[in-house]
Asker: 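Please find one structure pasted underneath; my questions will follow.
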Amino acid sequence: MRGSPVKTCIRMGDMPIPGTPSRAELVDHLVKTRIAGEVATPRENNLSHYRQLANGNRHYWLGLELGDRWTDEQDVLAVMAERVGVNDDPEYRYGQDTIDPELTVGALERMAARLRKAADGSQRVLFATGHPGGLLDVHHATAAALRSAGCEIVVIPDGLQTDEGYVMQFADVAVLEHGATLWHTHSGDPMKAILTALEREGRPLPDLVVADHGWAGYAGRHGVDSVGYADSNDPALFVGEAEGTVQVTVPLDDHVVSPRYYDPMTAYLLNEAGLR
C-alpha cells in the first residue's frame, strides 16, 4: 500500500518544527501506510502466536519469564484487544485484523515521557533491535536525539555472541549479525549477553533500554527500565507491559514496505519528548 512521509509542521511555542505531523495527521499516515489500521498480519497468524505464548513456547515469550500466569489464550487475546486494538471476538478466527492507530499514538506519547525523563536526568540509554530491516532508523534517530540532549548512549562490550550470531553495535543500535548480515531475531539472548558482560566488566547497567522483540523483553526481565515496539502477532511485550515488566510497548506493524514510512512517527515521538 502506497504512502508518503507527512510534509507539514506544527509550532512549539514560536518555533516551527518542520516535518512533525499533528496527532491527527500521524493517525492518518499510520493507516495509509498500514503501520496501524488494517495491517498485513492476518488474524490466523495473530491467534496462532497467542496460542503459542499460552502453551509456554519460549520463542514467543520474547526474553520474558511468564511462568504459568498466561496459560489461557483468551486472556492473551483480551490484553491484545485492549492494548493493540485487535478484534476481541474469540470466534473471529480468519481474515483481516487491526491495530488501533490511536493506541499506537497514545503509546508513543507514553514512550516520549520516558525519553524526556532520560534526557532530563542525562541517563545511560541502550538501543537495540531484532528487526533491523524496519526499525533500525527509528532507534538510530532516537539515540542521536538523546545524545544531543546529554544522555550517554551505552557502548556494548566487544566480542559478544549467541548461538544465532555475533552481537554488535551499528549506528548506536545493538543488533545481531550473522553471515555478514543484520539478523532478524526474537531471542532475548543477545540482550542477556550484553547485560551480563556489562556486569562482568563492572560497568553500570543502562538506566533505560529502548528496543523491540527479545531485546526489550529480556531487559525488563533483568530489572532495567524497558520501552519498545511490537507487532500484533508478538503479544509478549504487551503482556509484559500489563504485568509492569516492560514500561511501554508501542503497537505497530514492525516491517512495512519502506522504513521511510516510520519517519513521521519518529518525528512525532521526538517532538513529544521535547527532543526536536
Asker: Spell out, yes or no, whether L270 and V27 are grouped together once hydrophobic residues are joined by side-chain heavy atoms under 4.5 Å, including indirect joins.
Answerer: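 L270 clusters together with V27.
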
Asker: CG of D225 to CD of Q247: how many Å apart, nearest 0.5 Å?
Answerer: 3.5 Å

Asker: Could you state whether L136 and L115 fall into the same hydrophobic cluster, counting links through intermediate Ile, Leu, Val, Met, Phe, Trp or Tyr residues with side-chain heavy atoms under 4.5 angstrom apart?
Answerer: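 Per the 4.5 Å side-chain linkage, L136 and L115 are co-clustered.
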
Asker: For N57, which residues count as a side chain to side chain donor-acceptor pair (under 3.5 Å) partner, sequence neighbours excluded?
Answerer: Q52

Asker: Can you tell me how far the NZ atom of K32 sits from the OH atom of Y261, to the nearest 0.5 Å?
Answerer: 12.0 Å

Asker: Does some side-chain heavy atom of V154 sit less than 4.5 Å from a side-chain heavy atom of R203?
Answerer: yes

Asker: Can you pull out every salt bridge (Lys or Arg N to Asp or Glu O under 4.0 Å) where at least one residue sits in residues 132-158? Sequence neighbours excluded, please.
Answerer: D137-R260, R147-D172

Asker: Could you check T98, N87, N233 and say which one makes a side chain to side chain contact (heavy atoms under 4.5 Å, CB included) with R43?
Answerer: N87

Asker: Under the ring pair (Phe, Tyr, Trp, His ring centres under 6.0 Å) rule, collect the residues that match up with H131, sequence neighbours excluded.
Answerer: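 Only H184, H213, H255 meet the ring pair (Phe, Tyr, Trp, His ring centres under 6.0 Å) criterion with H131.
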
Asker: With sequence neighbours left out, write down each residue that passes side chain to side chain donor-acceptor pair (under 3.5 Å) with S232, or none if nothing qualifies.
Answerer: N46

Asker: Do the side chains of V250 and T104 get nearer than 4.5 Å, heavy atoms only?
Answerer: yes

Asker: Mind running salt bridge (Lys or Arg N to Asp or Glu O under 4.0 Å) on D253 and R34 for me, showing each step along the way?
Answerer: CA-CA 7 Å; D253 186 318; R34 299 185 73 181; over 6 Å; no

Asker: Hey, are the side chains of I194 and V167 touching, using non-hydrogen atoms and a 4.5 Å cut-off?
Answerer: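 Side chain of I194 against side chain of V167, heavy atoms only: contact under 4.5 Å found.
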
Asker: How would you list all residue pairs meeting salt bridge (Lys or Arg N to Asp or Glu O under 4.0 Å) that involve residues 47-58, not counting sequence neighbours?
Answerer: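 Every salt bridge (Lys or Arg N to Asp or Glu O under 4.0 Å) pair that includes a residue of residues 47-58, provided the two are not neighbours, is R51-E73, R58-E65.
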
Asker: Does any non-hydrogen side-chain atom of L30 lie less than 4.5 Å from one of L252?
Answerer: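 L252 does not reach L30 side chain to side chain.
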
Asker: Using distance only, find each side-chain donor-acceptor pair of residues 214-223 under 3.5 Å and give its atom names and separation, not counting sequence neighbours.
Answerer:
unit_1 : atom_1 : unit_2 : atom_2 : d
W215   : NE1    : T129   : O      : 3.3
Y218   : OH     : H222   : ND1    : 3.3
R221   : NH1    : G63    : O      : 3.4
H222   : NE2    : E199   : OE2    : 3.1

Asker: Taking side chain to side chain donor-acceptor pair (under 3.5 Å) as the definition, give me every residue that meets it alongside D100, ordered by chain and number, with sequence neighbours left out.
Answerer: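 D100 satisfies side chain to side chain donor-acceptor pair (under 3.5 Å) with no other residue.
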
Asker: Atom OG of S226 and atom CG of L208: how far apart are they, to the nearest 0.5 Å?
Answerer: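 Reported to 0.5 Å precision, the distance equals 7.5 Å.
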
Asker: Checking one residue: L47. Which other hydrophobic residues are in its cluster under the side-chain 4.5 Å linking rule?
Answerer: V39, Y50, L53, Y60, W61, L62, L64, L66, W70, V76, L77, V79, M80, V84, V86, I99, L237, F238, V239, V246

Asker: Can you check salt bridge (Lys or Arg N to Asp or Glu O under 4.0 Å) on E272 and R23, steps first, answer last?
Answerer: CA-CA 10 Å; E272 285 294 302; R23 198 181 202 279; over 6 Å; no

Asker: Among all residues two or more places apart in sequence or in another chain, which pass the side chain to side chain donor-acceptor pair (under 3.5 Å) test with T185?
Answerer: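 Checked T185 against side chain to side chain donor-acceptor pair (under 3.5 Å); matches are E164.
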
Asker: Listing request: all salt bridge (Lys or Arg N to Asp or Glu O under 4.0 Å) pairs with a residue in residues 118-127, at least two apart in sequence or in separate chains.
Answerer: R116-D120, R124-D207

Asker: Output the distance between atom CG (L160) and atom CG (L176), rounded to the nearest 0.5 Å.
Answerer: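 Going from CG on L160 over to CG on L176, the span is 11.0 Å.
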
Asker: May I have all residue pairs that pass ring-ring contact (aromatic ring centres under 6.0 Å, His included) and include part of residues 134-182, sequence neighbours excluded?
Answerer: H139-Y229, H178-W183

Asker: Atom CE of M265 and atom CD1 of I35: how far apart are they, to the nearest 0.5 Å?
Answerer: 6.5 Å

Asker: Can you check whether E44's main-chain N or O pairs, donor with acceptor, with S48's side chain at less than 3.5 Å?
Answerer: no

Asker: Are the side chains of Y268 and T266 in contact, using a 4.5 Å heavy-atom criterion?
Answerer: no

Asker: Indicate if M111 and V209 have the same hydrophobic cluster label, given that clusters are the connected sets of ILVMFWY residues with side-chain heavy-atom separations under 4.5 angstrom.
Answerer: no

Asker: Is the shortest heavy-atom distance from the side chain of V210 to the side chain of L126 under 4.5 Å?
Answerer: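 Counting from C-beta outward, V210 and L126 never come under 4.5 Å.
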
Asker: Any salt bridge (Lys or Arg N to Asp or Glu O under 4.0 Å) involving residues 237-247? Give me the pairs, sequence neighbours left out, ordered by first then second residue.
Answerer: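 Every pair satisfying salt bridge (Lys or Arg N to Asp or Glu O under 4.0 Å) with a residue in residues 237-247: R69-E243, R83-E241, R110-E241.
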
Asker: Do V175 and Q169 have side chains that approach each other closer than 4.5 Å (heavy atoms only, starting at C-beta)?
Answerer: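 Answer no - side chains too far apart.
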
Asker: Taking side chain as C-beta onward, heavy atoms only, is N45 less than 4.5 Å from H49?
Answerer: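 With C-beta onward as the side chain, the pair touches.
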
Asker: At what distance, to the nearest 0.5 angstrom, does CG of L198 lie from CD1 of I156?
Answerer: 8.5 Å

Asker: Are M191 and L205 connected into the same hydrophobic cluster when the rule is that any two of I, L, V, M, F, W, Y join if their side-chain heavy atoms are below 4.5 Å apart?
Answerer: yes

